[in-house]
Undergrad: 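What follows is a structure written as structure tokens; I'll ask about it next.
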Amino acid sequence: MAAGDSGLLSGGLLEVIESEAVIKFSEANVTMPLVTTKGYPKADQVTFIAYNTGSNKLTSADVAATAENTVTPSTSLNTDKKTATLDMYSVMIPMYDEAKLSNADDIASNVGALVGNAMAAKADGLLNSLFDSFSNAVGANNAALTVDNLFDALSKLKQNAAIGQPSAVLDPRQIWGTYGVHNDLVTHAQFAGSGIQEEGARVGFVSQIAGIGIHSSSEFTVTDNDGGSSGTASSVKGGVFVPGALGMGYAGELIRTEVYREGTYLRDNIIGSGFWGVTEIVDGWGVEVLSQVIA
């Protein structure tokens with residue numbers, strides 16, 4: 001049985017269709033819109049220039065009182081070049097004629113949408129993996145995520161003069177459930193009467209905490225901290241950052257979806273591809289968020 005043939009897609013065969021098709025999409029295009037993105041028609045590498053982040057920084061300490069008829073003091077300033085090396089990412093789903101002709105649903109259109117969704121989720125995963133490289137961190141791998149952790153993350157960003165709207169991209173279990181920050185927000189008396197507690201209890205989600213936009217992404221790798229003995233001592237690493245912390249570069253179309261016909265196999269191949277690279281731009285403008293989760 002080949003991928004995309006009528007056997008694998010038998011749930012939509014004409015004689016057994018009873019209801020609308022259900023398409024299972026994943027959370028995608030979450031992190032990518034929150035970082036610095038640069039695209040070019042052609043490129044092998046994409047560079048991002050970071051100012052005032054290297055060994056020679058311009059600060060208020062470099063500004064001195066200057067007497068008449070004296071030379072204004074000079075100071076050194078350097079820029080850092082951060083490079084994202086591009087790699088090709090792709091996926092292909094073969095769609096056999098028999099499967100298309102025996103289905104009442106437009107499976108080619110639905111599969112095409114799923115291919116685009118998978119590509120966008122992959123881009124999120126590449127960016128999420130960079131959270132582990134941030135030098136600053138809050139939380140612990142054996143404790144729930146708290147509102148205080150988010151305030152600590154915001155403090156670290158402010159100490160590093162981070163510019164822009166801070167965002168948190170977290171595993172769903174860092175937001176909801178036993179170890180999620182919403183549990184701390186809704187259950188602790190210190191937040192009673194704030195309005196935000198009532199919002200969390202009523203709708204199950206608070207879009208902004210401590211001025212940080214909250215975003216859920218499933219593109220994280222859970223770490224088993226206990227060797228699998230209990231199944232509960234697992235952790236995950238989310239991130240709080242401003243747009244200048246991370247960069248994503250690409251060449252050509254960000255996500256390309258196309259159809260390639262193979263008549264000898266009586267099938268169309270639906271292909272998704274992208275030529276991408278990701279990099280950390282300013283380390284101090286991002287904070288790793290560590291917490292325990294239930295695997």
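Scope of the values below: all heavy atoms of this structure, side chains included, with no hydrogens, waters or symmetry mates. Note that the structure is predicted; figures quoted are calculated from it, not measured.
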Undergrad: Keeping His182 on the side-chain end and Gly177 on the backbone end, is there a donor-acceptor pair under 3.5 Å?
TA: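 Absent.
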Undergrad: Give a yes or no on whether the backbone of Ala67 and the side-chain of Thr70 come within a donor-acceptor separation of less than 3.5 Å.
TA: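 Yes; judged by distance alone, with no hydrogens or angles, the pair exists.
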Undergrad: Sub-3.5 Å donor-acceptor pair from the side chain of Asn160 to the main-chain atoms of Ala162, do we have one?
TA: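 Looks like no, no N/O pair under 3.5 Å.
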Undergrad: Mind checking who shares a hydrophobic cluster with Met92, ILVMFWY linked at side-chain heavy-atom distances under 4.5 Å?
TA: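 So far as hydrophobic clustering goes, Met92 is joined with Tyr260, Ile271.
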Undergrad: Taking distance alone, no hydrogens or angles, what donor-acceptor pairs closer than 3.5 Å link side-chain atoms of residues 209-216 to residues at least two apart or in another chain?
TA:
residue: Ser216; atom: OG; partner: Glu27; partner atom: OE1; Å: 3.2
residue: Ser216; atom: OG; partner: Glu27; partner atom: OE2; Å: 3.1

Undergrad: Whether Lys100 and Glu98 form a salt bridge (side-chain N of Lys/Arg under 4.0 Å from carboxylate O of Asp/Glu) is what I want to check.
TA: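 Lys100 and Glu98: not salt-bridged.
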Undergrad: So Ile49 and Asp80, do their side chains get closer than 4.5 Å, heavy atoms only?
TA: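 They are not in contact (no side-chain heavy atoms under 4.5 Å apart), so the answer is no.
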Undergrad: Does Ala113 offer a backbone N or O that forms a donor-acceptor pair with the side chain of Asn117 under 3.5 Å?
TA: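 No; judged by distance alone, with no hydrogens or angles, the pair does not exist.
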Undergrad: Taking the side chain as every heavy atom from C-beta outward, state whether Val115 and Ile93 have any pair of such atoms under 4.5 Å apart.
TA: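 They are in side-chain contact.
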Undergrad: Looking only at heavy atoms, which two atoms of Val236 and Val293 are closest? And how far apart?
TA: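 Between these two residues, the closest heavy atoms are CG1-CG1, 3.6 Å.
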Undergrad: Give me each pair satisfying side-chain hydrogen bond (donor to acceptor under 3.5 Å, both in side chains) with a member in residues 124-134, each pair once, sequence neighbours excluded.
TA: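 Passing the test, one end in residues 124-134: Thr31-Asn128, Asn128-Ser217, Asp132-Lys237, Ser133-Glu280.
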Undergrad: Please determine whether the number of non-hydrogen atoms from other residues, nucleotides or ligands lying under 6.0 Å from atom NZ of Lys82 exceeds 12.
TA: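 Correct, the count exceeds 12.
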Undergrad: In terms of relative ring orientation, are Phe131 and Phe220 parallel, tilted or perpendicular, with 30° and 60° separating the classes?
TA: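 The rings of Phe131 and Phe220 sit tilted, inter-plane angle from 30° to 60°.
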Undergrad: Would Gln174 and Ser291 satisfy side-chain hydrogen bond (donor to acceptor under 3.5 Å, both in side chains), going step by step from the backbone distance to the final call?
TA: CA-CA 7 Å; Gln174 291 184 295; Ser291 71; 3.0 Å; yes
Undergrad: Can you tell if the side chain of Val287 reaches within under 4.5 Å of the side chain of Leu157, non-hydrogen atoms only?
TA: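 In short, these two side chains touch, coming nearer than 4.5 Å.
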Undergrad: Not counting sequence neighbours, which residues clear ring pair (Phe, Tyr, Trp, His ring centres under 6.0 Å) with Trp276? List them please.
TA: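 Trp276 satisfies ring pair (Phe, Tyr, Trp, His ring centres under 6.0 Å) with Tyr89 only.
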Undergrad: Asn269: what forms a side chain to side chain donor-acceptor pair (under 3.5 Å) with it, not counting sequence neighbours?
TA: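 In terms of side chain to side chain donor-acceptor pair (under 3.5 Å), with neighbours along the sequence ignored, Asn269 is linked to Glu262, Arg267.
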Undergrad: What closest approach, in Å, do Pro73 and Thr66 show between heavy atoms, and which atom pair accounts for it?
TA: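 So the minimum-distance heavy-atom pair works out to CD-OG1, 3.9 Å.
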Undergrad: State, without any angle test, whether Asp152 and Ser155 hold a side-chain donor-acceptor pair at a distance under 3.5 Å.
TA: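 On atom types as modelled, these side chains do not qualify, holding no pair under 3.5 Å.
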Undergrad: If you count heavy atoms of other groups shown closer than 6.0 angstrom to OH of Tyr265, is the number above 12?
TA: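 No - once you tally the heavy atoms of other residues, nucleotides and ligands closer than 6.0 Å, there are 12 at most.
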Undergrad: Which atom pair, heavy atoms only, marks the closest approach of Gly238 to Leu170?
TA: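 Minimum heavy-atom separation between Gly238 and Leu170: CA-CD2, 4.2 Å.
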Undergrad: Distance from Trp176 atom CH2 to Asp171 atom CG, nearest 0.5 Å?
TA: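 Reported to 0.5 Å precision, the distance equals 10.0 Å.
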Undergrad: Within 45 degrees of the axis of the six-membered ring of Phe48 and under 6.0 Å from its centre: does Lys81 put its NZ or CZ there?
TA: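 Judged by the rule, Lys81 and Phe48 form no cation-pi pair.
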Undergrad: When you compare the side chain of Leu34 with that of Phe241, does any pair of heavy atoms fall below 4.5 Å?
TA: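 They are in contact (side-chain heavy atoms under 4.5 Å apart), so the answer is yes.
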Undergrad: For Met32 and Ala123, work out which heavy atoms get closest and say how close.
TA: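 For Met32 and Ala123, the tightest heavy-atom pair comes out as SD-CB, 4.0 Å.
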Undergrad: Do Gln45 and Leu86 make a side-chain contact, defined as non-hydrogen atoms from C-beta onward lying under 4.5 Å apart?
TA: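 Contact flag for Gln45/Leu86 side chains = no.
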Undergrad: If you look at every heavy atom in Leu126 and Val278, which pair is closest and at what distance?
TA: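 Taking every non-hydrogen atom into account, O-CG2, 3.8 Å.
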Undergrad: Closest approach of Leu145 and Asp184, non-hydrogen atoms and distance?
TA: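 Heavy atoms only, the tightest pair is O-CB, 4.2 Å.
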Undergrad: Looking at residues at least two apart in the chain, or sitting in another chain, which of them share a salt bridge (charged side-chain N to carboxylate O under 4.0 Å, His left out) with Asp283?
TA: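 Residues passing salt bridge (charged side-chain N to carboxylate O under 4.0 Å, His left out) with Asp283: none at all.
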